[in-house]
Amino acid sequence: MHVKAFLGLALLSATEAMAASNFQLGLDYSEWLNLNAQQLTTDSSGALYIASGPLGGWASTVTKLSADGKTMLWQDQLGFSVAAMAVDPNGGVYVIPLSLPGDTSIYVAKLNINGTGLAWKTPVGFIPPSAVSEQMPPIVGADSQGRAYVAGSNGANGEADVVRLNAAGNAIEYTSQVAGTPTAIVIDGSGAAFVAGYTVAHNGATGFLTRLAPDGSAGYYSTLPGQNLNPSAVSLDASGNAVVLRGGTLQRVDPTGVVTLSTTVPGGWSSASDASGNAYITVFSGQNVQVKNNLATCGPNSELLTVLGPDDSLLQTTYVPGSQFGAFRPLIATGPNSSVFVVAGADTNFAPTQAGPFPPGGSGSTFLLRLSPNPKAQILPLACLVNGASFATGAIAPGEIVTLFGAGLGPQHGVQTQATTQSPFPTRAAGVEVTFDGTPAPLLWVQDTQINVVAPWSLTPGKNTQVCASYNDVNTNCVTWTVVQSAPAVFTWDGTNAVALNQDGSLNSASNPAAAGSIVTIWATGLGPITPVPIDGALVQLPLPVNVLPVSLQGSWCFPFTCSSFPTYDVTYAGPAPFMVAGASQINFRVVSFGGQISVILPSAQSPGFGIQVANQ
């Protein structure tokens with residue numbers, strides 16, 4: 001493939017998503033939380049409810065905070081553990097107590113409105129042995145009339161019961177059955193229940209979304225595209241569309257049960273929606289994620305918040321200020337007027353904007369922040385440096401194609417640079433320049449929010465490098481980054497499927513898969529040193545230089561609960577990509593039909609997983 005065409009493919013997903021938008025979140029406040037929060041939700045006033053418990057245990061405390069985070073309105077030490085919590089628009093709190101050993105009943109309880117004790121507690125069904133052994137607790141929802149909805153497995157051929165209690169908690173209004181294991185529930189203003197979950201067959205788990213009418217009668221039951229992606233969250237927008245997060249996939253389901261949009265959000269942990277139809281997803285930054293309008297500098301383990309519009313266009317992706325990825329998975333909830341609450345783990349540099357009702361913590365402690373729409377929010381000119389193929393944060397390697405994210409980095413309309421066999425890629429283009437420890441680096445693409453550049457081959461592994469950008473001779477902030485020997489990643493279309501050529505030279509795709517046993521070509525970067533050492537930005541020419549580090553490919557296949565590795569692939573070539581920029585690598589390998597993920601393996605590093613479309617897989 002011609003170098004210009006290949007680079008265009010590599011840049012396509014990053015540039016097309018940067019559509020203009022007036023939507024932008026700004027930070028309202030952040031404060032220490034210091035709770036092992038397990039669930040986060042709001043009521044119609046914006047007050048915040050947090051279910052928390054001991055590390056590694058079930059929630060046993062519910063805390064209510066004011067919307068500004070400054071006042072703890074109440075904290076209820078329940079005296080028992082709970083599996084789930086729901087809050088109705090008026091602030092009623094409902095929990096599912098864990099049953100004691102030997103007690104097979106499912107209960108739902110409502111807390112007193114002032115957070116002291118219980119208003120009522122009612123049995124609504126039983127726990128089948130399979131649910132106990134596989135830790136599949138029931139889930140709970142609530143509506144504006146104060147009615148509680150409980151969904152849980154009933155042990156009858158993979159079915160589940162959905163039970164609605166009246167507002168007094170003394171009568172069951174209906175019990176309906178759905179096929180599958182419920183994992184998330186939300187109730188609309190009419191009292192219709194939307195239940196998401198999964199069913200298991202011999203070929204893996206399949207997601208579903210079902211709608212029950214306000215009287216409990218069956219509405220639609222939709223099988224969600226994609227396997228082994230169990231729904232973790234479901235929310236609703238003002239148009240009645242359901243928004244389901246399944247692993248790294250966000251799916252929108254219209255009021256008739258049709259999946260209208262399915263968008264890859266790699267690394268998605270939790271999600272919420274607002275009345276405008278915007279979707280908010282917390283994301284681990286070690287994934288293939290584009291960023292836009294950053295409120296904070298990224299780190300190797302930062303969390304991100306991604307906002308998608310009703311059409312799944314990218315409105316904003318910002319690093320969560322002061323966060324780091326760890327054992328704590330971030331939580332998210334939306335409040336009135338598109339306000340957004342996030343609970344995340346703090347890094348060593350977290351500095352709260354206000355002193356809340358909780359004592360200060362340290363690295364790894366949880367904190368709370370609130371963001372609200374603010375088109376004038378201050379954003380960072382240079383916020384992050386990531387691998388140009390995976391968009392993952394982390395140390396960089398000499399010769400790696402890397403991407404800088406920020407604002408005001410270059411022209412509004414992107415400029416793709418050119419090189420010839422006699423002339424390397426330029427180190428200045430459209431007024432943009434990037435330096436590593438003062439050394440200008442070759443530019444591949446320059447634009448307001450993104451620059452693609454090749455790290456100089458002279459960088460020293462084990463040391464730090466200072467990366468600076470300037471536009472029309474005006475310097476932005478600089479970032480300091482760690483250098484390693486290799487940081488492999490494969491170029492993909494969507495964060496999952498590799499940009500690949502089949503053996504006949506055609507593009508690999510779902511409609512044009514590779515034959516099992518044939519040779520497929522992919523492209524990567526960050527594979528480490530090559531010999532002889534090339535000129536920065538030069539095109540690779542004959543005779544081809546060679547990789548210093550050995551390269552292999554390893555397959556893996558993740559089932560609902562485990563992942564298994566497969567033997568290495570037969571690699572027929574792994575080295576510098578002919579006639580592309582030095583730093584882009586080509587890998588030719590023989591494919592097998594197993595449908596799993598593949599990783600590039602180097603002596604001390606491996607790439608994020610990627611996929612290839614193979615016939616009959």
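We count residues from 1, following the sequence as given.
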- Item | Audit row: Phe208, Tyr198, ring-ring contact (aromatic ring centres under 6.0 Å, His included) steps and yes/no | CA-CA 6 Å; Phe208 73 84; Tyr198 65 92; 8.1 Å; no
- Message: Asp473 vs Arg428, test: salt bridge (charged side-chain N to carboxylate O under 4.0 Å, His left out). Steps then yes/no.
- Response: CA-CA 11 Å; Asp473 298 318; Arg428 186 179 177 91; 3.3 Å; yes
- Task: Evaluate the ring-ring contact (aromatic ring centres under 6.0 Å, His included) criterion for residues Phe358 and Phe367: first the C-alpha distance (whole Å), next the side-chain angles of each, then the deciding distance (0.1 Å), finally the verdict.
- Result: CA-CA 10 Å; Phe358 294 93; Phe367 69 93; over 10 Å; no
- Task: Would you check, one step at a time, whether the test side-chain hydrogen bond (donor to acceptor under 3.5 Å, both in side chains) holds for Thr403 with Asn452?
- Result: CA-CA 4 Å; Thr403 295; Asn452 286 9; 2.9 Å; yes
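Under a 3.5 Å cut-off, the side chain of Glu400 and the backbone N or O of Ala455 do not form any donor-acceptor pair. At distances below 3.5 Å, not a single donor-acceptor pair connects side-chain atoms of Ser270 with backbone N or O atoms of Thr282. Remark: side-chain polar atoms of Thr449 are not paired, donor with acceptor, to backbone N or O of Gly406 under 3.5 angstrom.
Inspection of the Ser338 and Asp274 side chains reveals an N or O donor paired with an N or O acceptor under 3.5 Å. Side-chain polar atoms of Asn36 and Ser52 form no donor-acceptor pair below 3.5 angstrom.
Taking CD1 of Ile601 as the start and CD1 of Ile598 as the end, the distance is 11.0 Å to the nearest 0.5 Å. The CH2 atom of Trp269 sits 4.0 Å away from the CZ atom of Arg329 when rounded to the nearest 0.5 Å. A distance of 11.5 Å separates CG of Leu305 from CG of Asn294, quoted to the nearest 0.5 Å.
Looking at heavy atoms from C-beta onward, Phe436 lies out of side-chain contact with Gln466 at the 4.5 angstrom threshold. With a 4.5 Å cut-off on side-chain heavy atoms, Phe425 and Val454 do not count as touching. The shortest distance between side-chain heavy atoms of Cys384 and Thr393 falls below 4.5 Å. Using a 4.5 Å heavy-atom threshold, the side chains of Val259 and Asp254 count as separate. Here the side chains of Leu308 and Ile281 are in contact, with some heavy-atom distance below 4.5 Å. Residues Val453 and Leu444 have side chains not in contact (no heavy-atom distance under 4.5 Å, counting atoms from C-beta outward). A heavy-atom distance below 4.5 Å is not found between the side chains of Gln324 and Glu303. Using a 4.5 Å cut-off on side-chain heavy atoms (C-beta onward), Thr318 and Val291 make no contact.
In Asn337, the CG atom is not crowded: 12 or fewer heavy atoms of neighbouring residues, nucleotides or ligands sit closer than 6.0 Å.
Just one residue in the list Leu315, Asn293, Leu371, Asn374 forms a side chain to side chain contact (heavy atoms under 4.5 Å, CB included) with Gln24, and that residue is Asn293. Just one of Thr439, Leu409, Leu404 meets the side chain to side chain contact (heavy atoms under 4.5 Å, CB included) condition when paired with Val434; it is Leu404.
Aromatic pair Phe610/Phe491: centroids not less than 6.0 angstrom apart.
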